[in-house]
Amino acid sequence: MTSAHGGFRGWFAERKGVWSRLRFTSLRLRLVVVFGLVALTAAVSASGIAYWLNREAVLTRTQDAVLRDFQQEMQNRAGVLPERPTQDELQRTAGQMANSSQRFSVLLVAGNAAGRTVSGSSGGLSGFTLKDVPESLREAVNEEQAVNSTNKYAYHLYWQRIMEDDTPYLVAGTKVIGGGPTGYMLKSLEPEAKDLNSLAWSLGIATGLALIGSALLAQAAATTVLKPVHRLGVAARRLGEGKLDTRLQVSGTDELADLSRTFNHAAEALEKRVDDMAARDEASRRFVADMSHELRTPLTAITAVTEILEEELEAETGSMDPMIEPAVRLVVSETRRLNDLVENLMEVTRFDAGTARLVLDDVDVVDQITACVDARAWLDAVDLEAERGIHARLDPRRLDVILANLIGNALKHGGSPVRVSVREEDAEVVIAVRDHGPGIPEDVLPHVFDRFYKASASRPRSEGSGLGLSIALENAHIHGGRITAANCPEGGAVFTLRLPRDASALTEEAEENKGPDEKSEA
């Protein structure tokens, strides 16, 4: 049952793929349709013209032969009848005329010696009668015309095609020149109609075969034309996926070959540009990393000196000159700030280089927040709304960095009290940090996580480096989480941190996606 169901699903997926390739917006389908319409128009036009020409030729040839034979029979046989023939004479003559090579029915009408109208038909009393002759034809045959230089005879031969019981007939009539009976002829055109129907069927089959042939030809042409386009699309997708060494094989001198050459030139230029940018970016990261490392050695000495100066300031022994005390305090503050900046730059460099790694452990999220707040003496300024027992597998150090940046940012720019809430949503832990300040201006919100960004026009000067929130966001991303910033309707800003309950799956996936060189370096 399962295999049958799977087979049906596979068949349906295959049919769906075929229809998706033949959708109306497909260039292949449009080519086939255009070829088919052109072939259909040409075939129908040619078949119609051929049918019309053959129809006229067949009917005209048959009609001329029958009329010529009838007219000759009228002169040779009906012309020798007396001016007032009897019905038997008319009957006998009509039968003789009908035995001609064309095999048509004959009706002869004349006036007898008693002045009555008598008629004789080749088919007897139940054969061809005047009722079978259209009235308009009878009137034309019996109409006497003036004889002059342009018209030598008073009566002429007239003919007409009629349909009786879906069978075509040729009806003709004339009078004997010099006086005599009036003769009518009825000839069935059914053999010619059958021949024309056979011709129509043959032309229809030929049209269908032409349409099928044009569709096959269009398919072949579309395959020939679209194969380079398909290769170009595949190459463009590979290029979009970052495989900048993708190139097309160029053959020929047509427009598609020129397009392939243009694509190769563009891909080559793009690869060179990306390589140059990557080299400059690597050089920039290396410069920042080297600069940070070089700064750490003098900063260590400066930090030691500033710690001694800070101890002198806090000793309140009066040994510090009051005139230089503000300068000493400034040096201590700026040294601490410079030290934080160097540490942040080194952390950013590790993120950019992709060398930042998680050291996971089972963490009680509420205990971690309490420890972070307690270590920085923020207990009096932070309200924690959470129940203990919310556990997650995270990196404790990086979680502490995130919390310190979010809570510290709220205290600096929003003011106390800062409310921190923790809740569980599905497989995520959600930590919200809300302040009661003026909020974040709408034009600043999209940039709060940008590096070195400071909204100095809307907030007081910060002692930070402008890297705290960006580092917090990178630490959230490396866990597989995210941070969003918004303004509360009640006032103040709120930063929402969402982290997975277990970041180990993300770490394993990252390890599997790394190449062998990266694994060995790690």
Side-chain angles (χ1 to χ4, degrees), residues 340 343-379 381-411 418-435 448-449 451 467-486 493-522:
D340 292 340
E343 292 295 331
N344 288 338
L345 284 174
M346 293 184 65
E347 186 73 6
V348 168
T349 303
R350 283 191 287 270
F351 282 122
D352 290 343
T355 59
R357 296 290 181 265
L358 293 175
V359 181
L360 301 177
D361 194 5
D362 291 328
V363 175
D364 188 310
V365 178
V366 177
D367 288 344
Q368 185 72 22
I369 297 174
T370 303
C372 174
V373 173
D374 188 23
R376 292 163 180 81
W378 291 341
L379 287 174
V382 176
D383 295 336
L384 180 59
E385 298 179 354
E387 296 181 0
R388 296 184 181 278
I390 301 178
H391 292 271
R393 186 166 179 76
L394 304 168
D395 187 328
R397 185 186 70 83
R398 296 189 182 277
L399 178 58
D400 182 77
V401 172
I402 298 173
L403 294 172
N405 277 294
L406 294 181
I407 298 174
N409 182 75
L411 289 172
V418 172
R419 182 173 291 111
V420 180
S421 60
V422 184
R423 66 181 186 275
E424 296 178 276
E425 287 186 3
D426 298 332
E428 289 185 333
V429 176
V430 182
I431 304 173
V433 179
R434 177 191 170 190
D435 61 45
V448 292
F449 295 105
R451 295 175 182 177
L467 293 173
L469 289 178
S470 64
I471 291 176
L473 183 62
E474 293 290 348
N475 278 300
H477 285 168
I478 200 174
H479 279 90
R482 61 192 184 278
I483 305 176
T484 56
V494 58
F495 286 80
T496 305
L497 168 65
R498 295 178 179 271
L499 295 175
R501 295 285 298 274
D502 188 357
S504 59
L506 182 68
T507 305
E508 293 173 0
E509 182 180 353
E511 289 293 330
E512 291 176 358
N513 292 333
K514 287 194 305 183
D517 296 338
E518 292 177 326
K519 290 183 180 179
S520 61
E521 291 177 2

ask   = Just by modelled atom types, is the Ile471 backbone N or O under 3.5 Å from a matching donor or acceptor in the Asn475 side chain?
value = yes
Verify, without hydrogens or angle tests, whether Glu424 (side chain) and Ile390 (backbone) share a donor-acceptor contact under 3.5 angstrom. no
Answer whether the closest heavy-atom distance between the side chains of Val373 and Leu384 falls below 4.5 Å. no
Nearest heavy-atom contact between Val422 and Ala386 is CB-CB, 3.6 Å
Residues at least two apart in sequence or cross-chain that pass side chain to side chain donor-acceptor pair (under 3.5 Å) with Asp395, listed by chain then number, are none
Scanning both residues in full, the closest heavy-atom pair of Ile483 with Ala476 reads CG1-CB, 3.8 Å
Heavy-atom closest pair (His477 atom, Arg482 atom, distance to 0.1 Å) is CD2-CA, 4.4 Å
Exactly one of Arg501, Arg498, Arg423 clears salt bridge (charged side-chain N to carboxylate O under 4.0 Å, His left out) with Glu428, and that residue is Arg498
Check your understanding: Any side-chain heavy atom of Leu406 sitting closer than 4.5 Å to one from Leu469?
Key -> yes
Exercise. Counting only heavy atoms not in Asp426, do more than 12 sit closer than 6.0 Å to its CG atom?
Worked result: no
Rounding to 0.5 Å, atoms OG1 (Thr484) and CG (Leu473) come to a distance of 10.0 Å
Rounded to the nearest 0.5 angstrom, the CZ-CG distance for Arg376 and Leu411 is 11.5 Å
Using modelled atom types and a 3.5 Å cut-off, is there a donor and acceptor pairing between side-chain atoms of Asn405 and backbone atoms of Val401? yes
Do Leu399 and Leu499 have side-chain heavy atoms sitting under 4.5 Å apart?
-> yes
What one should report as the nearest heavy-atom pair of Leu403 and Cys372 is CB-SG, 3.9 Å
Looking only at heavy atoms, the pair that brings Pro396 and Val359 closest together is CD-O, 3.5 Å
In this structure, CG of Leu360 is separated from CG of Leu394 (nearest 0.5 Å) by 7.5 Å
By side chain to side chain donor-acceptor pair (under 3.5 Å), Glu387 pairs with (sequence neighbours left out) none
Val433 and Leu497, any side-chain heavy atoms less than 4.5 Å apart
no
From the list Arg397, Arg393, Arg398, side-chain contact (heavy atoms from CB on, under 4.5 Å) partner of Leu358 resolves to Arg398
For Trp378 and Ala404 the tightest heavy-atom approach is CH2-O, 3.6 Å
One should read off an interatomic distance between Phe495 CZ and Ile402 CD1, to the nearest 0.5 angstrom, of 13.5 Å
